[in-house]
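Reckoned from all heavy atoms, side chains included, excluding hydrogens, waters and symmetry mates. Residues: numbered from 1 along the sequence shown.
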Amino acid sequence: MHLFKSDREKFENELNKALSERNKGNLESAVKYFLNAYEIALGAKDPEISKRADETLFYALFYDALVKKTAESFSKASQQCKKLDPSWQLDIGLASKPTASELCRDLEIASMIVSLPEFSIDVARRMDESLASKYEEIGSKLLAEGSRRLIIEDYLKINDPLSTIGFRFLGYSRIVRALKIEADNPANAMELYGEAAAYLQQAPAEIKKFVDSRMGKLSKTTRCWVCHREIQGEEINYIYLPASINKYIIEKYGNDSPYIINNGTIAVCRVCYTMIYNLSDALAKKYYEQAMKALQEVEARLNARISILEAKLMSLSIQAGRRYYMRD
């Protein structure tokens with residue numbers, strides 16, 4: 001009868017617990033048991049157990065990365081994977097066991113992909129050139145991987161060929177750059193949106209729709225109704241303001257420039273618009289202050305009258321009281 005378990009027994013016990021939790025989908029618990037197995041292997045005197053320390057530490061870091069899904073956690077798992085025999089087949093819960101070298105590269109790619117923010121147009125408006133460059137750099141690296149898919153795609157919910165993701169990232173980099181210059185350099189912005197459209201053949205529909213819409217608006221050139229200067233970029237360098245437009249105005253001025261009149265509105269450049277807006281804002285503020293001053297004056301007069309009436313009421317009350325006592 002053994003009073004104490006051997007290192008092998010303790011190691012296999014923790015490893016079995018880890019695999020059981022992994023198979024149930026309890027990855028955080030699995031990480032804990034893999035780390036326990038690693039600690040046992042690290043201090044084991046049995047060479048068959050001690051040589052498995054790097055393997056169990058890898059499993060702990062791998063499943064920890066799947067839980068956290070951060071660039072740092074995937075990078076740590078990849079670095080640990082490099083310490084293993086490249087031909088070693090790893091049991092990560094898939095039908096076929098990938099080799100350490102195959103999985104190592106996938107983890108490096110996963111680290112790159114999750115290092116990028118989730119893309120949307122609203123987020124892209126706040127991005128700078130450094131992120132545009134990062135999208136381009138990672139996109140180029142993914143293109144070099146070809147049309148293969150990630151071994152761990154189901155774990156990451158990334159179910160596209162790497163080349164498709166690469167093209168998408170290249171398109172996103174063009175959108176970020178175009179957004180930064182579309183007001184100052186609409187012609188160059190159009191070129192960037194054109195490149196983005198070519199890269200984004202398999203991008204989400206809303207992204208493609210935005211690019212097409214932006215190209216359409218940037219391609220429009222008209223003249224400002226107010227200052228008559230030529231201006232390019234609908235909703236970017238000029239906007240439409242409602243106006244009273246009759247048949248005479250349309251017939252006489254509607255052909256002066258394309259897009260100058262549009263469904264009861266007139267084109268106004270951003271300079272004239274901001275001038276009108278700032279002037280109307282200043283006038284509104286002035287009239288507001290005048291109205292508030294008048295209200296304060298009325299309030300002061302009313303308060304004064306109320307005070308006089310209160311004093312008169314008090315005086316009458318005192319007089320009535322005196323007459324009552326004198327009568328008694």
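The NZ atom of Lys69 sits 13.0 Å away from atom CD1 of Ile113, with the distance rounded to the nearest 0.5 Å. With rounding to the nearest 0.5 Å, the separation of OH in Tyr59 from CG in Asp64 is 16.0 Å. For the atom pair CG of Leu116 and OG of Ser173, the computed distance is 10.5 Å after rounding to the nearest 0.5 Å. One finds the OG1 atom of Thr99 at 3.5 Å from the CD atom of Glu102 (value rounded to the nearest 0.5 Å). One distance of note links CG of Leu143 with CD1 of Ile138; it measures 12.5 Å at 0.5 Å rounding. Distance check, rounded to the nearest 0.5 Å: NZ of Lys157 to CD1 of Ile152 gives 12.0 Å.
When the shell of 6.0 Å around CG of Asn255 is examined, it contains 12 or fewer heavy atoms from other residues, nucleotides or ligands. More than 12 heavy atoms of other residues, nucleotides or ligands lie within 6.0 Å of CZ in Arg125, so this atom counts as buried by the packing criterion. The 12-atom threshold is not exceeded at CD of Gln202, counting heavy atoms of other residues, nucleotides or ligands nearer than 6.0 Å. Residue Lys208 places its NZ atom among more than 12 non-hydrogen atoms of other residues, nucleotides or ligands, all under 6.0 Å distant. For Arg148, the CZ atom sits in a packed shell: over 12 heavy atoms of surrounding residues, nucleotides or ligands are nearer than 6.0 Å.
Checking Gln232, Glu230, Lys220, Arg223 one by one against Tyr238, the side chain to side chain contact (heavy atoms under 4.5 Å, CB included) holds for a single residue, Lys220.
In this structure a side-chain-to-backbone donor-acceptor pair under 3.5 Å is present from Asn185 to Asn188. Here the side chain of Ser213 pairs no donor or acceptor atom with the backbone of Lys209 at under 3.5 angstrom. Counting only distance, with no hydrogens or angles, the side chain of Ser75 and the backbone of Ala71 share no donor-acceptor pair below 3.5 Å. Side-chain atoms of Asn303 come within 3.5 Å of backbone N or O of Glu299 as a donor-acceptor pair. Between the side chain of Ser20 and the backbone N or O of Lys17 there is no donor-acceptor pair closer than 3.5 Å. The closest donor-acceptor contact from the side chain of Asn16 to the backbone of Glu12 lies under 3.5 Å. Counting only distance, with no hydrogens or angles, the side chain of Ser50 and the backbone of Pro47 share a donor-acceptor pair below 3.5 Å. In this structure, Asp281 contributes its side chain and Tyr277 its backbone to no donor-acceptor pair below 3.5 Å. At least one donor-acceptor pair closer than 3.5 Å links the side chain of Ser133 to the backbone N or O of Glu129. Remark: the backbone N or O of Asp54 is paired with a side-chain donor or acceptor of Gln80 at under 3.5 angstrom.
Inter-residue side-chain proximity for Leu90 and Leu84 is flagged as met; some heavy-atom pair is nearer than 4.5 Å. In this structure, the side chains of Trp225 and Thr265 stay at 4.5 Å or more apart for every pair of heavy atoms. Counting heavy atoms from C-beta outward, Leu150 and Asn159 have side chains that stay 4.5 Å or more apart. Within the 4.5 Å cutoff, the side chain of Tyr193 has heavy atoms near those of the Leu218 side chain. Looking only at side-chain heavy atoms (C-beta outward), Ile231 and Thr221 stay at 4.5 Å or farther from each other. Annotation: side chain of Ile266 is not in contact with side chain of Tyr240 (no heavy-atom distance under 4.5 Å). Within the 4.5 Å cutoff, side-chain heavy atoms of Leu156 are placed close to those of Leu66. For the pair Cys227/Cys269, a side-chain contact is recorded, criterion being any heavy-atom separation below 4.5 Å from C-beta on.
The nearest pair of heavy atoms linking Phe11 to Ala37 is CD1-O, 3.3 Å. Closest approach of Asp7 and Ala44 over heavy atoms only: OD2-CA, 3.4 Å. Scanning both residues, Pro117 and Tyr135, for their nearest heavy atoms gives O-OH, 2.7 Å. Nearest heavy atom pair, residue Gly171 against residue Ala196, reads O-CB, 3.6 Å. Listed here is the closest heavy atom pair of Ala60 and Val31: O-CG2, 3.6 Å. In this structure, Asp128 and Lys180 approach most closely via the heavy-atom pair CA-CE, 4.3 Å.
Between the side chains of Tyr38 and Glu14, no donor-acceptor pair is found at a separation under 3.5 Å. Between the side chains of Asp122 and Ser120, not a single donor N or O lies within less than 3.5 Å of an accepting N or O. Side chain to side chain, Ser140 and Glu136 fail the donor-acceptor criterion of an N or O pair below 3.5 Å. Side chains of Ser73 and Thr70: a donor-acceptor N/O pair is present below 3.5 angstrom, by distance only.
The pair Glu195-Arg177 does not count as a salt bridge, with every side-chain nitrogen at least 4.0 angstrom from each carboxylate oxygen. The pair Lys141-Glu137 meets the salt-bridge criterion, with a side-chain N (NZ, NE, NH1 or NH2) lying under 4.0 Å from an Asp/Glu carboxylate O. The existence of a salt bridge linking Glu21 and Lys24 is confirmed by a sub-4.0 Å separation between a basic side-chain nitrogen and an acidic carboxylate oxygen. A salt bridge links Arg105 with Glu145: the distance from a Lys NZ or Arg NE/NH1/NH2 to an Asp or Glu carboxylate oxygen falls below 4.0 Å. Here Arg22 pairs with Asp91 in a salt bridge; the nearest charged N to carboxylate O distance falls below 4.0 Å.
Follow the hydrophobic side-chain contacts under 4.5 Å out from Ile175 and you never reach Tyr199; the two are in separate clusters. There is no path of hydrophobic side-chain contacts, each under 4.5 Å, that joins Ile181 to Val123. One hydrophobic cluster holds both Leu61 and Phe74 under the rule that ILVMFWY side chains link at heavy-atom gaps under 4.5 Å. Linking ILVMFWY residues whenever their side-chain heavy atoms come closer than 4.5 Å, directly or via other members, places Ile239 and Ile260 in the same cluster. One hydrophobic cluster, built from ILVMFWY side chains closer than 4.5 Å, cannot hold both Val271 and Leu241; they sit in different ones.
The aromatic rings of Phe119 and Tyr172 sit parallel, their planes meeting at an angle under 30°, below the 60° perpendicular limit. Between Phe34 and Tyr63, the two ring planes are parallel [angle under 30°; tilted spans 30° to 60°].
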Practice problem: Assess whether salt bridge (charged side-chain N to carboxylate O under 4.0 Å, His left out) is satisfied between Lys82 and Glu108, documenting all intermediate values. | Solution: CA-CA 11 Å; Lys82 289 178 181 178; Glu108 290 176 344; 3.1 Å; yes
Quiz item: Where do Arg8 and Glu48 land on the salt bridge (charged side-chain N to carboxylate O under 4.0 Å, His left out) test, with the steps shown first?
Solution: CA-CA 9 Å; Arg8 180 183 293 274; Glu48 291 298 315; 5.5 Å; no
Quiz prompt | Worked verdict on Lys76 versus Glu72 for salt bridge (charged side-chain N to carboxylate O under 4.0 Å, His left out) | solution = CA-CA 6 Å; Lys76 285 182 178 179; Glu72 183 182 9; 3.8 Å; yes
